[in-house]
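For reference, the structure discussed in these notes is given below.
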Amino acid sequence: MVLVLTQVLVAAAALLFVVALVYAAIDRLIDNFLLGLATLVELGVVAQLVRGLFGLGRIDTGSDTATFAAYLLTLPFVLAITVWSAIKDKTRWAMVAVAVGAFAVVVMTLRLQQIWDLHA
């Protein structure tokens, strides 16, 4: 993985996490700012997916390869599904779901980088 991409992605997802929590606290629905931030995070996740798939052969052990591939392939859907559900759901809990999705992106991205660094 590209360390800079991971750092930018984690920072953007963490910002999305905080903004979504603030929106939940003030009972605000999803708007263009939050949707744009989620789109930027999603583009970073897709870039990470492409980079990770091209470097999948560098991971030696089978269990780490399976974990790495599973994280890579499911990560783009986590935030997309939570944001889509937030658009459909018009309650405070929709923003909490976006915050949880953004937190999952942070954790899974850091784990991807950890597996990558282990085998680099």
Side-chain angles (χ1 to χ4, degrees):
M1 304 305 309
V2 180
L3 183 60
V4 174
L5 175 62
T6 299
Q7 292 169 339
V8 169
L9 187 56
V10 166
L15 177 63
L16 178 62
F17 172 75
V18 170
V19 170
L21 282 181
V22 168
Y23 276 29
I26 63 174
D27 203 17
R28 187 169 175 183
L29 297 177
I30 193 167
D31 61 4
N32 289 338
F33 174 72
L34 191 80
L35 194 58
L37 187 56
T39 302
L40 287 176
V41 172
E42 190 67 27
L43 288 173
V45 167
V46 170
Q48 186 178 38
L49 169 69
V50 171
R51 174 63 181 105
L53 287 177
F54 279 115
L56 194 60
R58 293 180 59 185
I59 302 192
D60 301 332
T61 62
S63 63
D64 281 345
T65 303
T67 302
F68 190 79
Y71 275 39
L72 272 179
L73 295 175
T74 58
L75 190 56
F77 296 104
V78 171
L79 192 60
I81 290 170
T82 56
V83 169
W84 181 77
S85 69
I87 292 171
K88 296 295 182 184
D89 185 14
K90 303 296 186 206
T91 65
R92 166 186 307 214
W93 296 107
M95 292 299 100
V96 175
V98 172
V100 170
F103 183 74
V105 169
V106 169
V107 171
M108 291 173 77
T109 300
L110 289 173
R111 180 66 178 134
L112 282 169
Q113 186 65 45
Q114 184 183 33
I115 293 171
W116 184 266
D117 289 343
L118 189 65
H119 298 280

Show me the side-chain donor-acceptor pairs of residues 66-81 shorter than 3.5 Å, one per line, residues at least two apart or across chains.
residue	atom	partner	partner atom	Å
Thr67	OG1	Ser63	O	2.9
Thr74	OG1	Ala70	O	2.8

- prompt: Would Val18 end up clustered with Val107 when hydrophobic side chains under 4.5 Å apart are linked, directly or stepwise?
  reply: yes
- prompt: So if you build clusters from Ile, Leu, Val, Met, Phe, Trp, Tyr with side-chain heavy-atom gaps below 4.5 Å, do Leu35 and Leu9 land together?
  reply: yes
- request: Could you tell me the separation between the CG atom of Leu5 and the CZ atom of Arg51, rounded to the nearest 0.5 Å?
  value: 9.5 Å
message: Would you say that Thr82 contacts Val100 through its side chain, given a criterion of any heavy-atom pair below 4.5 Å between the two side chains?
response: no
- prompt: Is there a side-chain contact (heavy atoms from CB on, under 4.5 Å) between Leu112 and Thr6 once you walk through the steps?
  reply: CA-CA 9 Å; Leu112 282 169; Thr6 299; over 6 Å; no
- request: State which residues pass side chain to side chain contact (heavy atoms under 4.5 Å, CB included) with Ala86; sequence neighbours excluded, sorted by chain then number.
  value: Ile30, Ala94, Met95, Val98
Residue pairs passing the salt bridge (charged side-chain N to carboxylate O under 4.0 Å, His left out) test where at least one lies in residues 3-22, sequence neighbours excluded: none
message: Working to the nearest 0.5 angstrom, can you tell me the gap between Leu110 CG and Gln7 CD?
response: 10.0 Å
- prompt: Which heavy-atom pair separates Ala38 from Val83 by the least distance, and what is that distance?
  reply: CB-CG2, 3.7 Å
query: Can you hop from Leu43 to Val46 via hydrophobic side chains spaced under 4.5 Å?
result: no
message: Rounded at 0.5 Å granularity, tell me how far CG in Leu37 sits from CG in Leu15.
response: 5.0 Å
- request: Name all pairs fulfilling the side-chain hydrogen bond (donor to acceptor under 3.5 Å, both in side chains) condition that reach into residues 27-40, sequence neighbours left out, sorted by first residue then second.
  value: Tyr23-Asp31, Arg28-Asp31
field: In one Ile/Leu/Val/Met/Phe/Trp/Tyr side-chain cluster, 4.5 Å: Leu16, Trp93
entry: no
- request: Can you establish whether the number of heavy atoms outside Lys90 located under 6.0 Å from its atom NZ is more than 12?
  value: yes
- prompt: Looking only at heavy atoms, which two atoms of Ala99 and Ala20 are closest? And how far apart?
  reply: N-CB, 3.7 Å
- prompt: What's the spacing between Glu42 CD and Leu49 CG if we round to 0.5 Å?
  reply: 10.0 Å
statement: Taken in chain and number order and not counting sequence neighbours, the residues that satisfy ring-ring contact (aromatic ring centres under 6.0 Å, His included) with Phe17 are Phe103
task: Look up atom CD1 in Ile115 and atom OG1 in Thr65, then write down how far apart they are to the nearest 0.5 Å.
output: 9.0 Å
- request: State which residues pass side-chain hydrogen bond (donor to acceptor under 3.5 Å, both in side chains) with Arg92; sequence neighbours excluded, sorted by chain then number.
  value: none
query: Are Val41 and Phe33 grouped together when hydrophobic residues (ILVMFWY) are joined by side-chain heavy atoms under 4.5 angstrom apart?
result: yes
query: Do Gln114 and Arg111 get their side chains close enough for a donor-acceptor pair, meaning under 3.5 Å?
result: yes
